[in-house]
Amino acid sequence: KLAMAGDGLSSKPPTSWKAASPVKFAVTAATDIPGEPNTLLLLAGANAPNEASSTRGEVELGTLQVATTSFGVPLITGEVLSMESVTDVDCNILESPPPPCLTSVKFQRIVAGTGYMLVRPASGRRQLRAADEPSAAHTRPPPPQDAALALRSALQVSHERRLRARCDPCNVTADRVNGDFNGDCNLLADDASAIQEFLGVRQRFELSGEGDDPLESYKSSTGQSCAWLSSQGNPTLDINTNTGYVGNAVGKPRMDSTDVDQILRVISTYYRLIVNVSEASCVPSSIEGSKSQDLRVMLDVFEFDKNGGTQPANPQVTDVFLELRVDPAPPSGLYNISVGKLVEERGALGGFPAYPPASNAQGGVLVQAAHNIGEGLFEVRLQPYGAYGSGNVKYYAAVNVESKDGSGRKKEPLSYNTWLGSSVPPYSNVGRRVYQPLLGSSESLITTSPVQCSLESIAPPPHPVLPPRSTPPPPYVP
């Protein structure tokens, strides 16, 4: 985490990160962090030790280009939230207690990279250079006491959680941090490394389907072992099916590189975590005069707090959508949406593609969830409008969660995350184009069955609540 204090620099665009070429150690980098104008960069990467891909010695990760705003002598500093290194590629980073071949550092302020930079005009443009050269008195770095205050301001770190002597996520609910796979009560890049290392441990079981699932007896490097901890290794919330898996592996959580990427992108503030589907059920009608049941879906969505923990997702920088398949679709093509709003401008090109497990009478609709029922909770509540020939309807739902940076922009593809697959743009442009619902798919950890609600098969209510229309999004500014 790289930060600044003082005048002269800005974390806003055109501040940007450019990865090294060729890439020797892949990282996910984010600038313009929401709520942290002093943070220039969040950087996260993971690479479990192995002979083929381990990186040795010094390696270039990339270049941070920082926008200048005015004359000044800002302090550049930062903090290592988590860093691991090993002395040999056979080092088992999951071993408990940690082996001597593993060195782990957490929450340490950067020393070698801390210093003041001089920002001054030069030939019609501002110039950034180290401030340790001879200069006029007014351009010299502030005295030590001011530097200490600047350092504290730049990092804005709370150590309350970090300094706890006890950490027992398996037995103390308050100790749990979403995404914490190694059981140290933090969400950091070493959790992504632990998932990546565990993929090798579980590989034989997944390929053969024989014996017990190692995930069920997983013990972290901190000595923790329980079902909750094991579940943190599958933030993508999918399971193995009989397509590609056999025996005992079928129906078990699917852990792969997408789970590693999920954690890294959560840490770099692009992705979020769906912690729980609080409710996905049929409830009494919210529409006056209608006896049809509403579909109600509530989602607990969490984000990285930029300091090793998670917190309820901020609705100012988080949008949640449900891409539904409704089977059968209402003959009217309309819906009464009492919570949330219809999104028409982002419908799938050429219409919503059919989801094979549903019937030929299905229809698609995209709805943005509302955030008005509590921290981190996003809700959709709706029912079809119009007469039905059937007395019930099935709902399948993919969940799309999209993030914004500190300037309110979405970055494609990193800001777009779907559970389990979406057919609407831009998801259809970046590889997750096949519709796969989190509610109702054979691949879903949440539920493999659609939600089925009862409907009136007679005329609609006399004064329906028409679907709210969403306003078009602001134009994208690169």
Side-chain angles (χ1 to χ4, degrees), residues 1-18 27-44 61-83 105-122 125-163 186 188-189 267-270 303-309 311 314 316-317 404-409:
K1 182 178 182 179
L2 192 64
M4 63 174 178
D7 298 326
L9 302 179
S10 171
S11 61
K12 297 291 184 180
T15 292
S16 62
W17 172 263
K18 183 179 180 180
V27 294
T28 302
T31 56
D32 197 7
I33 308 301
E36 294 199 1
N38 288 332
T39 298
L40 294 172
L41 178 72
L42 272 176
L43 197 67
L61 301 178
T63 302
L64 176 66
Q65 297 178 320
V66 182
T68 58
T69 58
S70 63
F71 173 86
V73 189
L75 172 69
I76 305 295
T77 185
E79 184 180 25
V80 176
L81 299 180
S82 173
M83 181 178 290
V105 175
K106 285 185 175 71
F107 306 119
Q108 295 295 315
R109 286 174 176 166
I110 293 172
V111 177
T114 293
Y116 288 88
M117 302 300 294
L118 172 62
V119 181
R120 65 183 184 185
R125 60 188 179 90
R126 296 188 182 95
Q127 186 179 54
L128 182 67
R129 59 190 302 175
D132 57 357
E133 62 182 42
S135 59
H138 67 277
T139 65
R140 288 175 182 164
Q145 62 269 27
D146 293 341
L149 291 173
L151 188 65
R152 187 178 307 127
S153 172
L155 293 177
Q156 297 177 332
V157 173
S158 170
H159 294 274
E160 180 181 353
R161 182 183 63 260
R162 302 172 184 176
L163 298 178
N186 291 294
L188 298 166
I267 293 170
S268 54
T269 70
Y270 288 115
E303 65 185 15
F304 185 56
D305 69 359
K306 296 100 169 176
N307 291 308
Q311 62 190 12
N314 179 358
Q316 299 301 315
V317 292
K404 303 173 185 177
D405 64 16
S407 299
R409 305 181 311 164

If you look at every heavy atom in [X] and [Y], which pair is closest and at what distance?
X      : Y      : value
Trp17  : Gly62  : CZ2-CA, 3.3 Å
Pro34  : Asp405 : CG-C, 3.7 Å
Ile267 : Ala44  : CG2-CB, 4.0 Å

| Results of side chain to side chain donor-acceptor pair (under 3.5 Å) for Gln316 - residues two or more places apart only |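 Testing Gln316 for side chain to side chain donor-acceptor pair (under 3.5 Å), a comparison that skips the adjacent residues, returns none.
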
| said: Among residues at least two apart in sequence or on other chains, which ones pass side chain to side chain donor-acceptor pair (under 3.5 Å) with Asn314? | reply: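 Partners of Asn314 under the side chain to side chain donor-acceptor pair (under 3.5 Å) test: none.
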
Say you draw a straight line from [atom1] of [X] to [atom2] of [Y]; how long is it, rounded to the nearest 0.5 Å?
X      : Y      : atom1 : atom2 : value
Lys404 : Arg409 : NZ    : CZ    : 13.0 Å
Gln108 : Met83  : CD    : CE    : 11.0 Å
Ser16  : Leu41  : OG    : CG    : 10.5 Å

Any side-chain heavy atom of [X] within less than 4.5 Å of one from [Y]?
X      : Y      : value
Asp32  : Thr15  : no
Lys1   : Asn307 : yes
Phe107 : Leu81  : yes
Phe304 : Ile33  : no
Pro74  : Val119 : yes
Ser407 : Lys12  : yes
Ile76  : Val66  : no

| task | Indicate whether the side chain of Ser70 and that of Asp7 have a donor and an acceptor atom separated by less than 3.5 Å. | result |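 Side chains of Ser70 and Asp7: no pair found under 3.5 Å.
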
| Side-chain donor or acceptor of Ser11 paired with backbone N/O of Pro37 under 3.5 Å |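 Yes; at least one donor-acceptor contact below 3.5 Å.
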
| request: For a side-chain contact (heavy atoms from CB on, under 4.5 Å) with Thr31, tell me which candidate from Leu64, Thr269, Leu2 qualifies. | output: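 The option that passes is Leu64.
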
| request: Evaluate the side chain to side chain contact (heavy atoms under 4.5 Å, CB included) criterion for residues Arg109 and Thr77: first the C-alpha distance (whole Å), next the side-chain angles of each, then the deciding distance (0.1 Å), finally the verdict. | output: CA-CA 8 Å; Arg109 286 174 176 166; Thr77 185; 5.6 Å; no

| With Lys106 via salt bridge (charged side-chain N to carboxylate O under 4.0 Å, His left out) - residues at least two apart |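 Counting only residues at least two positions away or on another chain, Lys106 forms a salt bridge (charged side-chain N to carboxylate O under 4.0 Å, His left out) with Asp184, Asp190.
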
| Are Tyr270 and Leu42 close enough, and set up right, to give a side chain to side chain contact (heavy atoms under 4.5 Å, CB included), and what steps lead you there? | CA-CA 11 Å; Tyr270 288 115; Leu42 272 176; over 6 Å; no

